[in-house]
There are 2 protein chains.
Amino acid sequence: MKVKEVAELTGVSVRTLHHYDEIGLLKPEEVTESGYRIYSAANLETLQQILFFRELGFSLGKIKEIITDLDYDRNEALALQRRMLVDRRGQLDRMIEVIDQTIRHYKGEIHMSDKEKFAGFDFTKGNLYEKEARQRWGDEAVNRSNAQLGAMSKEEQEKLGQEMNDIYFKLADLRQLPPESEEAQAAIKLWWEYLNRMGSYSYEAFKNLGQMYVDDERFTKNIDKFGEGLALFMRDAMAVFADRAAAE
Amino acid sequence: MKVKEVAELTGVSVRTLHHYDEIGLLKPEEVTESGYRIYSAANLETLQQILFFRELGFSLGKIKEIITDLDYDRNEALALQRRMLVDRRGQLDRMIEVIDQTIRHYKGEIHMSDKEKFAGFDFTKGNLYEKEARQRWGDEAVNRSNAQLGAMSKEEQEKLGQEMNDIYFKLADLRQLPPESEEAQAAIKLWWEYLNRMGSYSYEAFKNLGQMYVDDERFTKNIDKFGEGLALFMRDAMAVFADRAAAE
DNA sequence: CCTTGACTCTCACGTTACGTGATCCTTTAG
DNA sequence: CTAAAGGATCACGTAACGTGAGAGTCAAGG
């Protein structure tokens, strides 16, 4: 397929395709000797991936990193994109809620604080890659959770995925603070509660899981995509949390 | 409130506030003699509006046009924003659907055409202002439709609003073509069908409605916000459509 | 009163992701 | 074989801020 065809099929401009070629994000499978770009079916699939990530607010640079990642897995990516889209939808829901409130506010039916008026705008802009360690939790007793997940409704699954995202983001935001700080501990408590909804953990297991986040580089790598040093931070916070809880 | 306070409350950066001041989009209520920007509660409400429109993809220039419009009505704007957010959510739903399909496609469970793979990406990017003439249709027999609307479920209402939007956008895209062209007629047919779901029209009434779009400047103004000359284009296309249909 | 740290201001250049011609070459349909 | 349509490559333009740099301001504490 030539540029215009691709452009019309996908809705992006020809210039955009040129641009993506220039920056090495999407190089056409073939270039004729006259210089024409020819795109293959595989190219189209890559483009689809690119567009999904772009819609999710990733910079082209990040997208390039992601899709040229050596162990990039399309299926994993799709699952991730799905969760993020569901997240986005949830955000929109909240914004719609805010609008409804605002309308009622102007009607004098209710009162809204300034904070509430902007509650819909907490864009998780720090676009961070996920790739979710959960799939890789073949080690710990976490495979149970997958079985559980299977038994859950789609809605419940989405809710959980969203929640997990939120917790990671929250933790990433706090990672400069000392792990024993109140905020950190409050956030890590959410993580504890989250995990325990997936299958029960002992304080020991929780602490060990944290240790694994830094010992096993697969975990480290994935977690740190939410923010440099997050794995380390989580390990420390989880240890503090477990120790304190056990001492009670 | 000073800049940082506003920034933290609303989630925008200080630089962004500076920028909005620079381009005259949001001037602080007051500036101290030392040059500090002081924002009022009214400023915050304006900012909320700005952020909603921004989230909906409007350029800052457009937003400025909109909110400095003399007969700008906050309540109308909120209603409009709500509809557009619902639209966006619908788009996300479609994208999620596409992802689900794609996943199944890779699993080999189903087949997807290239077209289907990009079905979620028809971003109605031509960000155009609506303000919806419907509210102003006190003239024609269209008040009936409002009564009907009242009897409809929220979901149905949203669906209709979305559909209307889509039709306007489509027509705006085609407005350079001759009104009797196939595409134009196909699009105007959608409009005919849409209206007839709201209450039945004679071909005569339909044609007259089109004429009104250019005669009554309130209509013209509102319609043309979807694109310069759209009202004129619609009148012509509607006339052709009505004449042809009546001739059958 | 004075210092200090947290804010604030104004340039002013940098960045991202393309848009928009201008100019020139290829390809394809009649 | 000759347009018209599509493609290519510069190269500059734009939108919406980000990111220091350098300098003034303000409230709290010593």
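Quantities reported herein were computed from a predicted structural model and do not represent experimental measurements. Letters A, B, ... are given to chains in the order of the sequence lines, protein chains preceding strands, and every chain is numbered from 1.
Residue B/Leu60 places its side chain closer to D/dC17 than to any other of C/dT8, C/dC18, D/dC17.
What separates OH of A/Tyr20 from C1' of D/dA8 is a distance of 19 Å, to the nearest Å. Between the CG atom of A/Leu56 and the P atom of C/dA17 there is a distance of 15 Å, given to the nearest Å. At whole-Å resolution of the value, CD1 in B/Ile23 and C1' in D/dC17 are 10 Å apart. Remark: P of C/dA17 and CG of A/Leu51 are 13 Å apart, rounded to the nearest angstrom. In this entry the distance linking CG of A/Asp21 with P of D/dC10 reads 12 Å, nearest Å. One can place NZ of A/Lys64 at 14 Å from C1' of C/dA17, the figure rounded to the nearest angstrom. B/Leu26 places its CG atom 12 Å from the P atom of D/dC17, with the value rounded to the nearest Å. The CD-P distance, from A/Glu22 to C/dA17, rounds to 13 Å in whole Å.
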Please walk me through it: do B/Leu85 and B/Phe52 pass side-chain contact (heavy atoms from CB on, under 4.5 Å)? CA-CA 9 Å; B/Leu85 284 173; B/Phe52 272 120; 4.1 Å; yes
Under the salt bridge (charged side-chain N to carboxylate O under 4.0 Å, His left out) rule, what do B/Glu65 and B/Lys62 come out as? Steps first, then yes or no, please. CA-CA 5 Å; B/Glu65 272 183 43; B/Lys62 265 289 171 209; 3.4 Å; yes
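Between B/Met234 and B/Leu171, some side-chain heavy-atom pair lies under the 4.5 Å cut-off.
Using a 3.5 Å distance cut-off with no hydrogens or angles, the side chains of A/Glu45 and B/Tyr106 do pair a donor with an acceptor. At a cut-off of 3.5 Å, with distance as the only test, a side-chain donor of A/Thr102 or B/Gln48 sits close to an acceptor on the other residue.
A/Thr16 has a side-chain polar atom (N or O) that falls below the 4.0 Å cut-off from OP1 or OP2 of C/dG19. Note on A/His18: every side-chain N or O is 4.0 Å or more away from OP1 and OP2 of C/dC18. An OP1 or OP2 oxygen of D/dG6 is reached within less than 4.0 angstrom by a side-chain nitrogen or oxygen of A/Lys4. For A/Arg15 and D/dG7, the shortest distance from a side-chain N or O to OP1 or OP2 is not below 4.0 Å.
Here A/Glu182 pairs with nothing under the side-chain contact (heavy atoms from CB on, under 4.5 Å) rule; sequence neighbours left out.
Sorted by residue number, the members of residues 32-43 of chain A with any non-hydrogen atom under 4.0 Å from DNA chain D read A/Gly35, A/Tyr36, A/Arg37.
Look at B/Glu22 and B/Arg15 and you find a salt bridge, because one of the NZ, NE, NH1 or NH2 atoms lies within 4.0 Å of a carboxylate O, short of that distance.
A residue-by-residue look at B/His19 and A/Val14 shows that A/Val14 has its nearest nucleotide of DNA chain D further toward the 5' end.
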